[in-house]
Amino acid sequence: MNVGEQIRRGREALGMSQADLADAIWVSRNTVSNWETGATTPDIQSFVLMSALFGVTIDEMVKGDENVMARAVARDRNRLLVVGTEVSEPGVQGAGSKRAFAAEAADARDADAPITLAMPEPQGSVVFGNYERIDAVRAGMPEFRLVRTFALFSMSDYRIENGAGEAVGAIHRGRATFDPVYQLRVPGFERVQVRREWKPGEFRTVYTIEGEGIGVEGAVLGDEFSIWRHGGLIATVTALRSAGRPVFRIELEDEGVRPLAFGVAMMFLLLRDYDRHWVRTSGE
């Protein structure tokens, strides 16, 4: 199977049109069309972003078309933009490439493969911004999806769906004074609330979380943080380097609380993206 066919299959497995994929990885629809027909081949940046989006390794994407990665590396040698650790040239097993492929696991279809999520650009202003849909995939298949069901000014509601399209929870975004507040409801669990609050006397912003014994270790704006419930680890969220939209790896530890753990992770990622856009915009 050539690269163009791999791209088409990965895109269709996520229910994406060529325009959807183009928007997700910052290229034109015509570029995606040319890749799928074999008229052109992706650059390194696009390979890595598609790999994260489809939940497969780059090796699997180029399997059966061995020369395409060599051409991409030769073409983009001076401007490699990657997600996560470095991608070395084919046949060169550097420490960076070993870490990257070990993180993906030997088989991307493994049941223990992590969830990969790329944050879209919010719609509307920074304060009123919301997201129409956010997809989280594992081994190239949908694992969870956040779907907007309501939006009015700074308020919005989202339905959390599992890979089968069934509703497993909901997130509400509101505001307390100026800052956003998120509330998560998952059947069988207490309501969980996460809020962002500026402390003027301390000159700092804090995140507070309450409900269901949820706690967080690590910096939620940093490279990695973990989510705990009643003292037990339920999720680890890792920020991956990307050339475009923020990309994250989410590892869910407790099978019994997967929707809850994913929902809590999403509230922090939504707040994180709010801060990213707020800081970027206020500094312009």
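Below, all heavy atoms of this structure are taken into account, side chains as well, without hydrogens, waters or symmetry copies.
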If we ignore hydrogens and angles and just use 3.5 Å, is the side chain of R272 paired with the main-chain N or O of V220 as donor and acceptor?
yes

Go through the steps to decide whether V186 and V192 satisfy the test side chain to side chain contact (heavy atoms under 4.5 Å, CB included), and finish with yes or no.
CA-CA 9 Å; V186 174; V192 181; over 6 Å; no

Given the rule in the side chain to side chain contact (heavy atoms under 4.5 Å, CB included) test, do F268 and V216 qualify, once you have shown the distances and angles that lead to the verdict?
CA-CA 10 Å; F268 278 112; V216 174; 3.5 Å; yes

Is there a side-chain contact between I115 and R258, using heavy atoms and a 4.5 Å cut-off?
yes

Distance-minimising heavy-atom pair for P142 and A13:
CD-O, 4.0 Å

Within the structure provided, determine whether E217 and L233 are in side-chain contact (heavy-atom separation under 4.5 Å).
no

Which label fits Y131 and Y158: parallel for a plane angle under 30°, tilted from 30 to 60°, or perpendicular past 60°?
tilted

Are F54 and V137 packed together at the side-chain level, in the sense that at least one heavy-atom pair is separated by less than 4.5 angstrom?
no

Are side-chain heavy atoms of L21 and M50 found at a separation under 4.5 Å?
yes

Nearest 0.5 Å, please: how far is CZ in F248 from OG1 in T116?
12.0 Å

Looking only at heavy atoms, which two atoms of L14 and R145 are closest? And how far apart?
O-NH2, 4.5 Å

Start with the C-alpha gap between M267 and Q183, add the side-chain angles, then the distance that decides, and say whether side chain to side chain contact (heavy atoms under 4.5 Å, CB included) holds.
CA-CA 8 Å; M267 288 194 293; Q183 294 181 346; 5.7 Å; no

Testing the 3.5 Å rule here: is there a donor-acceptor pair between the side chains of T31 and N34?
no

Could you walk me through whether M119 and L270 pass the side chain to side chain contact (heavy atoms under 4.5 Å, CB included) test, one step at a time?
CA-CA 9 Å; M119 288 294 294; L270 290 167; 4.1 Å; yes

Any side-chain heavy-atom pair from D273 and P246 closer than 4.5 angstrom?
yes

Check the surroundings of atom CG in N30: do more than 12 heavy atoms from other residues, nucleotides or ligands lie under 6.0 Å from it?
yes

Side chains of D135 and M16: does their closest heavy-atom pair fall under 4.5 Å?
no

Heavy-atom nearest pair, I171 first then G263, reads CD1-O, 3.8 Å

For L252 and A261, the nearest pair of non-hydrogen atoms, with its separation, is CD2-CB, 3.9 Å

Could you tell me whether the side chain of R229 reaches within less than 4.5 Å of the side chain of F189, counting heavy atoms only?
yes

Looking at A136, is its backbone amide N or carbonyl O close enough to the side chain of E143 to form a donor-acceptor pair, meaning the two atoms are under 3.5 Å apart?
no

Give a yes or no on this: more than 12 heavy atoms of other residues, nucleotides or ligands lie within 6.0 Å of atom CZ of R185.
no

Shortest non-hydrogen pair, P180 vs R173, comes out as CB-NH2, 3.9 Å

Closest heavy-atom pair and its distance - G174, M155
CA-CG, 4.4 Å

Do I160 and L184 make a side-chain contact, defined as non-hydrogen atoms from C-beta onward lying under 4.5 Å apart?
yes

For L117, run the side chain to side chain contact (heavy atoms under 4.5 Å, CB included) check against L269, V247, L146 and tell me which one passes.
L269

Rounded at 0.5 Å granularity, tell me how far OG in S33 sits from CD in Q18.
4.5 Å

